[in-house]
Amino acid sequence: MKNIIHMIVTLSLVSALAAGALALGNRATRDGIKKQAKLKAARAVKKIYPDCIKPSEKVVKNKSGNDIKVFECSKGRRCFIFSSKDDNNVSRPYSGTIKMMIGVSSNGTVDGIQIIQQSETPGLGARISEESFVKKFKGVSLSSKLKVKKDDPSGAVDGISGATISSRAVTSMVKCALEFNRDILSKGSPSPRKKIGLSKLSKLKNSAIKAKKLKDFRKKYPNKKRKYPLPKSKKEVRMHEGGGKK
Amino acid sequence: MRAVKEFTKGFWRENASLVLLLGMCPTLAVTTSAFNGLGMGLATTAVLLGSNVIISLIAGIIPKKVRIPSYIVVIATLVTLVDMFMAAYAPDLHSALGLFIPLIVVNCIILGRAEAFASRNSVFYSFLDALGIGLGFAITLFVVGAIREILGNGTLTVFQYKETLINFVIYHKETIKPITVFILAPGAFLTLGFLLALKNYIDNLIKN
């Protein structure tokens, strides 16, 4: 009986001491760790946009309801922290969570990504944070085929050999991040609105050209059933336009 | 005299990975490059030093039946503290070794040395034992990592942190095709097997 009490007391004492040490350690390092995380994010932004010194920060919810931290830089460029758990369409990493900083320019192309956090296999999947892999995403956009070459030979991304799962995860993260950028971030901000205006304008212009063509067509062939001629290549349309002005 | 013996036994006679066959998980899993092996080995040495010293101090007051749980609590606390302080005050080192640190808790070498040596010997000898075993382990991991990296990738990475990368290109991948399997899991077993055979061969040569 005495033995059991002795055991219980010592084990509890050891555990209590350990818990106390951990609590003290946590209190001592909490602010430091937070600061380091902030510094890390700021450093990643600076790596992507060296001239972006004081970006304005905001938090935006994505489709899945997760908070995404966005750093707005000048000229419509923005960086945001995207993790593999932020979107359900992300292909799962090999282990743990991958967090990356992605910089997107105003026209929706990637200016660079930086892996902030990952716990993939050292020497294999962990190589996703190396410069040689990260730079492959420079200049891609939603119009490029964001697939790993191993899954789809025509894909835009050449994965790391022996680490297809990790490469696939990052590739799908970039894709989801770009979709988030297009669907949520680009709505309501000034530069893309200008773009919508432009596209509307060109639509109006196109319909005007179509109407004019139809008129010409009817004049030329009054008996044809076809409503309007098949759209010609852009070059021809432009030539036609130029001719009309003269 | 005994001090020298306790220190040097870890390098060859009682080498953790080649003779005791302890710590197989890190030996096989993280040695994909020479530097990864070295990093894991040094981090293990640091924790082993702390745990051996603390356990040799408290061994007298802990009842025999609950010694293993007590040791595990001590080791886990130590590893977590090291991890937290590194993250806060040495983020560079932490991002280089960060992944290996939680793995150390489950490393059998730590518990093995605590049970087999530190709980039965004085603080001084436990310290020397930890240093010797830890450094021997680090060197072995470095060798395993170097062999795997040279055969599997054609390079030898001595140091790597962010942009700073000190590595030697042993041969070019274009001219000689590397044996990729050595970087993958089977290569770890092959390398360890051949190293064990080599060590026993040398031991036999010395004996005769």
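Chain identifiers are assigned alphabetically (A, B, ...) following the order of the sequence lines, protein sequences preceding nucleic acid strands; residue numbering begins at 1 within each chain.
Both the backbone and the side chain of B:Ser70 come within contact range of chain A, judged by heavy atoms closer than 4.5 Å. For B:Ile61, the part sitting under 4.5 Å from any heavy atom of chain A is the backbone (N, CA, C, O) and nothing else. Interface residue A:Glu130: only side-chain heavy atoms are found under 4.5 Å from chain B. Looking at B:Tyr89, the atoms closer than 4.5 Å to chain A (heavy atoms on both sides) all sit in the side chain, from C-beta outward.
When B:Ile58, B:Thr31, B:Thr77 are compared by the number of non-hydrogen pairs under 4.5 Å with chain A, B:Thr77 comes out ahead.
Counting heavy-atom neighbours within 6.0 Å of A:Lys46 NZ, excluding the residue itself, gives a total of 12 or less. In the displayed structure, A:Asp51 atom CG is contacted under 6.0 Å by more than 12 heavy atoms of other residues, nucleotides or ligands. Counting heavy-atom neighbours within 6.0 Å of A:Lys85 NZ, excluding the residue itself, gives a total of 12 or less. For A:Lys147, the NZ atom is loosely surrounded, since the number of other residues' heavy atoms within 6.0 Å does not exceed 12. The environment of OH in B:Tyr171 is crowded: more than 12 heavy-atom neighbours from other residues, nucleotides or ligands sit within 6.0 Å. No more than 12 heavy atoms of other residues, nucleotides or ligands lie within 6.0 Å of CZ in A:Arg92, so this atom counts as exposed by the packing criterion.
Heavy atoms only, all atoms of each residue included: B:Ala87 and A:Gln36 are closest at O-CG, 3.4 Å.
Identified by a heavy-atom distance below 4.5 Å to chain B, the contributing residues of residues 11-35 of chain A are A:Leu11, A:Val14, A:Ser15, A:Ala18, A:Ala21, A:Leu22, A:Gly25, A:Asn26, A:Ala28, A:Thr29, A:Gly32, A:Ile33, in residue-number order. Residues of residues 127-151 of chain B having a heavy atom under 4.5 Å from any heavy atom of chain A: none.
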